[in-house]
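The structure under discussion appears below in the form of structure tokens.
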Amino acid sequence: MAHLGLRRFPPPLMVLLFLATAAGKEEYGGGSGGLRFRREGGTFKVLQVADMHFGDGRSTPCEDVLPAQQRGCSDLNTTAFLYRVLRAEDPDLVVFTGDNIYGADSSDAAKSMDAAIAPAIAMKLPWAAVLGNHDQEGTLSRESVMRHLVGMKNSLSGLNPEGIKIDGYGNYNLEVGGVEGTLLANKSVLNLYFLDSGDYSTVWWIPGYGWIKASQQAWFRQTSSDLQKRYTTEEPTQKEPAPGLVYFHIPVPEFGSFTASSFTGVKQEGISSPSINSGFFTTMLESGDVKAAFIGHDHINDFCGKLSGIQLCYDGGFGYHAYGKAGWSWRARVVSVQLEKAESGEWRGVKSIKTWKRLDDQHLTTIDSEVLWNRGSNEPQPI
């Protein structure tokens with residue numbers, strides 16, 4: 001969102017910033033098996049970026065900024081913010097959770113996606129993406145948009161699982177291995193699920209937004225079950241499933257279950273969920289491994305609330321060419337997963353999951369730090 005300390009980067013400075021960040025890390029090798037926890041600190045950090053609404057770059061103006069910020073404000077402010085937060089957080093994975101571009105204001109959807117994701121690629125970071133409800137409204141179909149994202153440099157995005165019929169585009173999972181050289185180096189100690197929550201209803205008598213369909217939920221159940229079985233039965237066997245995190249764009253209706261006293265963050269607009277409940281929250285709950293779900297879509301909501309043991313978290317809007325609230329800073333959500341350390345000093349399974357947000361203000365302020373999950377202290381409660 002817009003903020004009081006808006007920074008404008010003139011073209012020469014943007015070029016220097018690009019060159020400086022591009023030299024920062026070695027090339028990422030890619031592939032679904034390339035993610036693992038860091039030896040130093042035993043952590044894995046995910047940066048979530050929601051609703052960039054990228055258009056045509058410099059010619060695409062900002063929305064909902066203060067009058068003093070309007071002049072010269074464009075998509076390049078979104079790009080500058082992404083560079084800032086990537087450099088500050090140094091994530092192990094960047095996740096773009098839909099409406100990455102605003103198709104209706106993009107003259108070339110492929111070029112807009114390239115420009116929107118460019119900072120992550122320049123910094124040689126692995127990244128993954130799902131679709132929102134605006135990505136396909138330009139020069140490419142929904143399938144073509146996802147295919148383009150899958151084919152981009154350093155992308156870990158997947159089009160769909162092979163060999164099954166499934167709704168949507170961008171349903172896939174990623175596995176995060178334990179620290180190299182440890183007992184759990186070859187096991188996925190953290191599972192990441194990505195789903196296409198659709199755009200708009202395709203059933204004429206059901207109005208509103210799309211939803212996660214039965215075929216997607218069947219794939220999710222089977223994938224979760226397979227991962228849990230491998231983790232608990234293959235050597236070295238583990239007593240409890242590895243935790244799972246889920247990323248999609250449109251909120252499930254259960255995001256509307258909270259009052260102001262039962263979440264961390266703010267709710268400044270309604271929950272724009274589908275008009276029907278397809279049951280995906282129940283599916284996540286029944287899986288037994290999901291600890292948190294992360295979405296975008298409603299730009300001026302940024303809260304996390306826990307329902308039956310699962311944290312439901314908004315990111316808050318990231319892109320300057322999207323509706324917002326003048327004076328309310330654009331933001332990104334960070335999730336940091338911490339491994340447990342044995343008495344021997346070796347890193348083991350996941351101990352805790354924490355989160356915070358970064359604001360695009362003068363100091364890149366950190367707000368709303370909280371623990372989402374601790375092993376052994378987060379038993380689900382009845383609905």
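Quick note: numbers below take in every heavy atom, side chains included, and nothing from hydrogens, waters or symmetry partners.
- Glu240 contributes no side-chain N or O that, together with a main-chain N or O of Gln238, makes up a donor-acceptor pair within less than 3.5 Å.
- Taking the charged nitrogens against the carboxylate oxygens, Glu346 and Arg348 do have a contact shorter than 4.0 Å, which makes a salt bridge.
- Remark: aromatic rings of Tyr323 and His53 are distant, center separation not under 6.0 Å.
- Side-chain atoms of Gln268 and Asn301 include no donor-acceptor pair closer than 3.5 Å.
- Side-chain atoms of Tyr314 and Asp298 form a donor-acceptor pair, as typed in the model, at a separation below 3.5 Å.
- Looking at Asp51 and His134, their side chains never bring a donor and an acceptor atom within 3.5 Å of each other.
- Side-chain contact of Asn171 with Gln216: a donor-acceptor pair under 3.5 Å is present, judged by distance alone.
- Clustering ILVMFWY residues whenever any of their side-chain heavy atoms sit less than 4.5 angstrom apart, transitively, puts Ile250 in a cluster other than the one holding Met284.
- Using a 4.0 Å cut-off between charged nitrogen and carboxylate oxygen, Arg358 and Glu89 count as a salt-bridge pair.
- In this model, a donor atom of one side chain and an acceptor atom of the other lie less than 3.5 Å apart for Asp56 and Ser107.
- The side-chain heavy atoms of Pro91 and Leu86, taken from C-beta on, include a pair separated by under 4.5 Å.
- Electrostatic pairing of Asp196 and Arg142 counts as a salt bridge here, judged by a charged N lying under 4.0 Å from a carboxylate O.
- Between the side chain of Thr78 and the backbone N or O of Ser74 there is no donor-acceptor pair closer than 3.5 Å.
- The same ILVMFWY cluster, assembled from side-chain heavy atoms under 4.5 Å apart, contains both Leu125 and Leu35.
- Under the 4.5 Å side-chain heavy-atom criterion for ILVMFWY residues, a single connected hydrophobic cluster contains both Leu159 and Val130.
- Using modelled atom types, one side-chain atom of Ser262 and one backbone atom of Thr259 make a donor-acceptor pair closer than 3.5 Å.
- Considering every non-hydrogen atom in both Ile206 and Ser201, the closest pair reads O-OG, 2.7 Å.
- No chain of hydrophobic side-chain contacts below 4.5 Å, direct or via other Ile, Leu, Val, Met, Phe, Trp or Tyr residues, connects Trp204 to Tyr200.
- A salt bridge is absent between Arg331 and Asp360: the closest approach of a Lys/Arg side-chain nitrogen to an acidic carboxylate oxygen does not fall below 4.0 angstrom.
- Legend: residues meeting salt bridge (Lys or Arg N to Asp or Glu O under 4.0 Å) with Glu286, ordered by chain and number and at least two apart, are absent.
- Aromatic ring centres of Phe248 and Phe194: separated by at least 6.0 Å.
- The only member of Ile101, Ile117, Asp99 that meets side-chain contact (heavy atoms from CB on, under 4.5 Å) when paired with Met52 is Ile117.
- In the model, Trp347 has no side-chain atom that pairs as donor or acceptor with a side-chain atom of Gln338 under 3.5 Å.
- Counting heavy atoms from C-beta on, the side chains of Ser141 and Gln136 never come closer than 4.5 Å.
- Salt-bridge formation is not detected for the pair Glu234/Lys187: no Lys NZ or Arg NE/NH1/NH2 atom is positioned less than 4.0 Å from an Asp or Glu carboxylate oxygen.
- One N or O on the side chain of Asp135 and one on the backbone of Gly132 form a donor-acceptor pair closer than 3.5 Å.
- Inspection of the Arg333 and Thr355 side chains reveals an N or O donor paired with an N or O acceptor under 3.5 Å.
- Nearest heavy atom pair, residue Asp105 against residue Thr60, reads O-OG1, 4.3 Å.
- The minimum heavy-atom distance between Ala332 and Gln48, with the atom names listed, is CB-O, 3.6 Å.
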>> Apply salt bridge (charged side-chain N to carboxylate O under 4.0 Å, His left out) to residues Lys325 and Glu63 and explain how you reach the verdict.
In response: CA-CA 9 Å; Lys325 184 178 180 181; Glu63 300 285 342; over 6 Å; no

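- Results of the side-chain hydrogen bond (donor to acceptor under 3.5 Å, both in side chains) test with Asp92 over Arg38, Arg36, Lys45 single out Arg38 as the only residue that passes.
- The aromatic rings of Phe255 and Phe303 lie tilted to each other, with the angle between the two planes from 30° to 60°.
- With 3.5 Å as the limit, one finds no donor-acceptor pair spanning the side chains of Ser215 and Trp219.
- Geometrically, Lys213 engages Trp211 in a cation-pi contact defined by less than 6.0 Å to the ring centre and at most 45° from the axis.
- When side chains are defined from C-beta on, Trp373 does not count as touching Ser352, because their heavy atoms never get closer than 4.5 Å.
- Across every non-hydrogen atom of Gln228 and Thr232, the tightest pair is O-OG1, 2.8 Å.
- Relative orientation of the Tyr102 and His321 rings is perpendicular, given thresholds of 30° and 60° on the angle between their planes.
- Judged by distance alone, with hydrogens and angles left aside, the side-chain atoms of Glu269 form a donor-acceptor pair with the main-chain N or O of Ile300 at under 3.5 Å.
- The two atoms that bring Pro274 and Gly210 nearest to each other are CG-O, 2.9 Å, heavy atoms only.
- The shortest distance between side-chain heavy atoms of Leu245 and Phe294 falls below 4.5 Å.
- Looking at Ser273, its side chain never comes within 3.5 Å of a backbone N or O of Val252 through a donor-acceptor pair.
- Remark: the backbone N or O of Gly324 is paired with a side-chain donor or acceptor of Asp64 at under 3.5 angstrom.
- A heavy-atom distance below 4.5 Å is not found between the side chains of Asn191 and Pro243.
- Inspection of the Asn160 and Tyr169 side chains reveals no N or O donor paired with an N or O acceptor under 3.5 Å.
- In this structure the side chain of Val335 reaches within 4.5 angstrom of the side chain of Ile353, judged on heavy atoms.
- When ring centroids are compared, Phe220 and Phe280 come within the 6.0 Å threshold.
- Side-chain atoms of Glu180 never come within 3.5 Å of backbone atoms of Asn186 as a donor-acceptor pair (strictly under, hydrogens ignored).
- Asp368 contributes no side-chain N or O that, together with a main-chain N or O of Thr264, makes up a donor-acceptor pair within less than 3.5 Å.
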> Hey, mind stepping through Tyr193 and Tyr247 against ring-ring contact (aromatic ring centres under 6.0 Å, His included) and telling me if it holds?
Replying inline: CA-CA 6 Å; Tyr193 303 98; Tyr247 290 89; over 10 Å; no

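- By the 4.5 Å heavy-atom criterion applied to side chains, Phe44 and Val179 are not counted as neighbours.
- Looking only at side-chain heavy atoms (C-beta outward), His249 and Leu131 stay at 4.5 Å or farther from each other.
- Looking at Asp108 and Thr139, their side chains never bring a donor and an acceptor atom within 3.5 Å of each other.
- A distance-only check finds a donor-acceptor pair linking the side chain of Ser155 to the backbone of Leu149 [under 3.5 Å].
- Of all non-hydrogen atoms in Cys313 and Leu372, the two that sit nearest each other are SG-CD2, 4.1 Å.
- We find that Asp302 and Lys357 are joined by a salt bridge, their nearest charged nitrogen and carboxylate oxygen being less than 4.0 Å apart.
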